[in-house]
Each structure stands twice: as C-alpha cells, then as structure tokens.
Amino acid sequence: MGRRLMHALVYSGFVDGAVGLKHVEVPIPKAGKDEVVIKVEAASINPVDWKIYNLRLLLRPLLSRASHPPIPGNDVTGEVVEVGSGVQKFKPGDKVITVLSVYTAGGLSEYCVAKEKVTVLRPAEVSAAEGAGLPVAGLTALISLTQYAGLKLDQPDNGPQKNILVTAASGGVGQYAVQLAKLGNAHVTATCGSRNFDLVRALGADELIDYKAAAEGAASLRSPSGRKYDAVLHCAPTVAWSVFEPNLAENGIVIDLIPSAGTRWASTVKKLTFSKKKLFTFMLTPNDDEGLKFLVGLMKEGKLKTIIDSKHALSRGEEAWSKGVSGHATGKIIIEP
Ligand SMILES: NC(=O)c1ccc[n+]([C@@H]2O[C@H](COP(=O)([O-])OP(=O)(O)OC[C@H]3O[C@@H](n4cnc5c(N)ncnc54)[C@H](OP(=O)(O)O)[C@@H]3O)[C@@H](O)[C@H]2O)c1
C-alpha cells in the first residue's frame, strides 16, 4: 500500500528571476535513523528560499529521497509524529522547533522530516508562529554577534560597551539582531525605512538612519551621534567596502550576510594585508542545537520576540512568497498548514 499523502508547495521548475510554486499532493516523508517526522504547525520563509531555488532543484537528485521537486522552507515548528530508530531526545507528541537543511528544506508542507541534532523542544510560552520565525534569522543574528562581533549576551559582565550597526533592522535577521545586541549591552544604530522607526526603536535601537533618505556614500551609514562602529551586521543589499571603512572603529569589523564578488575580494585583501579593520562573509550552517536552545530560552523568558509581518495559510502560500520576494517584509512571514 502507498504512503499517505500530504499537501505541500513545491518549486514549479527552473526559473530566472521571479520564482514559481505549485500546490501538490505528495507522500508524507519517513524518518531516517537520526530523524523525526514533524506535523507542521507553522513555518517561516527566508530569502534563501528564492535565492537558491535553482541550486535546490539541481541538487535534488543527489540529496533527496523524494520523487517530487523540492519543497521550500527551512524554519519549522510542529509536533513529532514519528521518530527514527536512533532518536533519543524526542517522542511522538513533543512540540518542537527545527531548522531544516539549507539545500533540501521541506517546511512548506503538512509534514516534514528533520534531523534530531538541530531540533529543540518548544516550550508552551513560545507560540508556534513565534518559534517558526526563529531558526535561520535568529541563528544568523546570534552567531554573527557572538562569534564574529564578540558580544557576550545576557551576562552580568558584558565588558566595555560596543557600538554595533545593524542594517535592514526591520527585516527577519535585523529584528533579532537589534534585540540580541541590546542583550549584549551594545549601543545599537539601525538602518530601516522611516515607517519602521517606532518598531525598531521599541526593539531597543538607540539611533536610527532612514535608508531611503540617507546621504550618498560613506555618509549613508554615518552614526547620527558620530560614533564609529566596532561591528556592522550587514543584512541589506550590497554596499562597497569604501562605504563601511570610514565608519569603522580602529579594529572594526563588517559581517556581510549577502557578499558580492567585490566584498569577497575586499575580505580576502583585508586578511592578506593583516588589516585591523576586517570584512567577514557569513554563511549559516547549523549543525547542532546549542544556538537554537539559547534563543528559545530567551524567548521563553520574554527577553526576545518575533515580529510577525503576516500569517498565511499554506493553501495561499504564493501570497506569502510574493511578499517575501518583494524584500519589504517587516519581521517574519509565517505560513500555517
Ligand atoms: N549568509 C547567510 O547565512 C544568511 C542568513 C540569513 C539571511 N541572509 C541574507 O540576509 C539578508 C536579510 O535577510 P532577512 O531575512 O532579514 O531579509 P528580509 O526580512 O527580506 O528583509 C526585509 C527588510 O529589509 C529592509 N530593507 C530593504 N532594503 C534595505 C536597505 N537598503 N537598507 C535598510 N533596510 C532595507 C526592508 O525595509 P522596507 O520595507 O522599509 O524597504 C524590510 O523590512 C537577505 O539578503 C538574506 O538572503 C543571509
């Protein structure tokens, strides 16, 4: 007898530019030895879902057991319904949050399969929608700020205060970055559109720059109070090194989430010339549950929240997709089966 079917959104084929999705009925996935099957309660989308659309299609024959085109969506909350033979941490009925592989994804569906090692329990204090916003965007903000910018979060002794610039602070990554940087006792300058000033200020930003009204060149990122930045978490479209450089403190660094060929080259040159000011390119590759557990703990204690742009039913997933692709979401876009 065949496996039970589920409703899912899949990529509709190779595309150039704007992407297409289609609704399908496909078999519910099975858990491998170290995996759990999750009945999805909520999922969120990220720019990676449309940026590596063609790459996911190309890699599917190598990476996926499924017979259908890839299902987008890396960030999922839901209930465990099946566990693999080697799974120890979870049992059917557990409410969980997980981050699916960036290459195979699978969250925009009624069921998905996740690795045990990147899955954590979802406490009752964290709603399914709030939790679904967290994985990719929250982990990116957390790792950038702690491992690259050197912030110590939520500790009584955070050391000397750092000046941090977060660009696109109204987006999925930026909203968590502002909140986390404040938990690290940083002075936070944030760029966003003026329509989101109140929101980003409420998240904790000390100073704001309206990216639509900003001056040209280096002046576009200049702190209104004249501070130089110890670290820039750059979540907005590509900016040249010459724009960052005059705004950095002596040992200031830039963590670029969307590196272009030019910024990769600048990053290499900084390394080769032992420059005090540095540019790091970043790629999230979650391999354990440590960061997600920490973030969920902060959320449980009310120290971190998810700003939700909008919620959409899976049956109307294209609307969510268009909103995401527009690049103008405020916070996270959530899809619910
Ligand atoms: N390398 C990695 O591992 C990694 C991980 C996560 C994300 N990323 C990348 O990081 C970027 C941010 O991701 P995200 O999920 O935060 O995106 P997002 O949620 O789609 O960002 C949307 C927000 O960005 C704002 N924005 C757009 N252009 C801006 C500009 N020039 N200056 C300031 N704000 C601007 C928009 O404000 P308005 O609506 O007012 O325009 C909107 O609120 C994406 O390109 C994503 O691919 C990379």
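Heavy-atom basis, side chains included; hydrogens, waters and symmetry copies ignored. Whatever order the structure lists ligands and atoms in, that order sets their numbers, starting from 1. Residues: numbered from 1 along the sequence shown. Given the structure is predicted, the values throughout are model-derived calculations rather than measurements.
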### Task
Show your reasoning for whether side chain to side chain donor-acceptor pair (under 3.5 Å) applies to Glu318 and His312.
CA-CA 9 Å; Glu318 305 88 334; His312 307 257; over 6 Å; no
### Summary
closest protein heavy atom to atom 11 (C) of ligand 1 is Cys235 O, 3.3 Å
### Query
Is it true that Lys212 lies under 4.0 Å from ligand 1, counting heavy atoms only?
yes
### Task
Looking only at protein heavy atoms, identify the closest one to atom 3 (O) of ligand 1 and say how far it is in Å.
Leu284 N, 2.8 Å
### Query
Purely on distance, is any nitrogen or oxygen of Ala329 under 3.5 Å from one on ligand 1?
yes
### Message
Taking distance alone, with N or O pairs closer than 3.5 Å, would you say Ser170 contacts ligand 1?
### Response
yes
### Query
At what distance is the nearest protein heavy atom to atom 5 (C) of ligand 1, and which residue and atom is it?
Thr140 OG1, 3.2 Å
### Task
For His328, enumerate each residue passing the ring-ring contact (aromatic ring centres under 6.0 Å, His included) test, keeping only those at least two apart in sequence or located in another chain.
none
### Task
Using the side chain to side chain donor-acceptor pair (under 3.5 Å) rule, take Glu41 and Thr77 through it: C-alpha gap first, then chi angles, then the decisive distance, then the call.
CA-CA 6 Å; Glu41 289 174 311; Thr77 52; 4.9 Å; no
### Query
Between Ser225 and Ser223, is a side chain to side chain donor-acceptor pair (under 3.5 Å) present by the stated rule, with each step listed?
CA-CA 5 Å; Ser225 64; Ser223 136; 3.2 Å; yes
### Query
For atom 38 (P) of ligand 1, which protein heavy atom lies nearest, and how many Å away is it?
His328 ND1, 3.3 Å
### Message
Using a 4.0 Å heavy-atom cut-off, which part of Ile258 comes near ligand 1: side chain, backbone, both, or neither?
### Response
side chain
### Task
Report the member of Ala168, Gly171, Gly327, Ala177 with the shortest heavy-atom distance to atom 36 (C) of ligand 1.
Gly327
### Message
Hydrogens and angles aside, do Tyr176 and Thr306 bring a side-chain donor and acceptor to less than 3.5 Å of each other?
### Response
yes
### Query
Going by distance only, is there an N or O of Lys332 that falls short of 3.5 Å from an N or O of ligand 1?
no
### Query
Between Lys332 and Asn46, is any side-chain donor less than 3.5 angstrom from a side-chain acceptor?
yes
### Query
Taking the six-membered ring for Trp, are Trp321 and Trp50 ring centroids under 6.0 Å apart?
yes
## Note on the structure
Check: of Gly193, Gly138, Ala169, Gly172, min heavy-atom distance to atom 18 (P) of ligand 1 comes from Gly172
## Note on the structure
Heavy-atom proximity to atom 17 (O) of ligand 1, picking from Ala137, Ala214, Pro47, points to Pro47
### Query
Is the closest N or O pair between Asn46 and ligand 1 shorter than 3.5 Å?
no
### Message
When you group the ILVMFWY residues by side-chain heavy-atom contacts below 4.5 Å and let the links chain together, are Val36 and Val40 in the same group?
### Response
yes
#### Entry: Flag, side chain of Asp230 to backbone of Ala149, donor-acceptor distance under 3.5 Å
no
### Task
Would you kindly specify which portion of Arg195 sits under 4.0 Å from ligand 1, judged on non-hydrogen atoms: side chain, backbone, both or neither?
side chain
### Task
Can you pull out the closest protein heavy atom to atom 30 (C) of ligand 1? Residue, atom name and distance to 0.1 Å, please.
Tyr211 CD1, 3.2 Å
## Note on the structure
Closest to atom 47 (O) of ligand 1 among protein heavy atoms sits Lys51 NZ, 2.8 Å
#### Entry: atom 7 (C) of ligand 1 [closest protein heavy-atom partner, distance rounded to 0.1 Å]
Val173 CG2, 3.8 Å
### Query
So which heavy atom in the protein is nearest atom 48 (C) of ligand 1, and how far is it from that ligand atom?
Leu257 O, 3.4 Å
### Task
Might you work through the side chain to side chain donor-acceptor pair (under 3.5 Å) test for Lys228 and Asn247, ending with a clear yes or no?
CA-CA 5 Å; Lys228 299 285 183 188; Asn247 292 299; 5.2 Å; no
### Message
Hydrophobic clusters here meaning ILVMFWY residues chained together by side-chain heavy-atom distances under 4.5 Å, can you tell me if Leu183 and Val188 are in one?
### Response
yes
### Query
Does any N or O atom in Met283 lie less than 3.5 angstrom from one in ligand 1, N or O only?
no
### Glu250 and Lys277 ion-paired at < 4.0 Å
no
### Task
Check whether any N or O atom of Thr167, backbone or side chain, sits under 3.5 Å from an N or O atom of ligand 1, and answer yes or no.
no
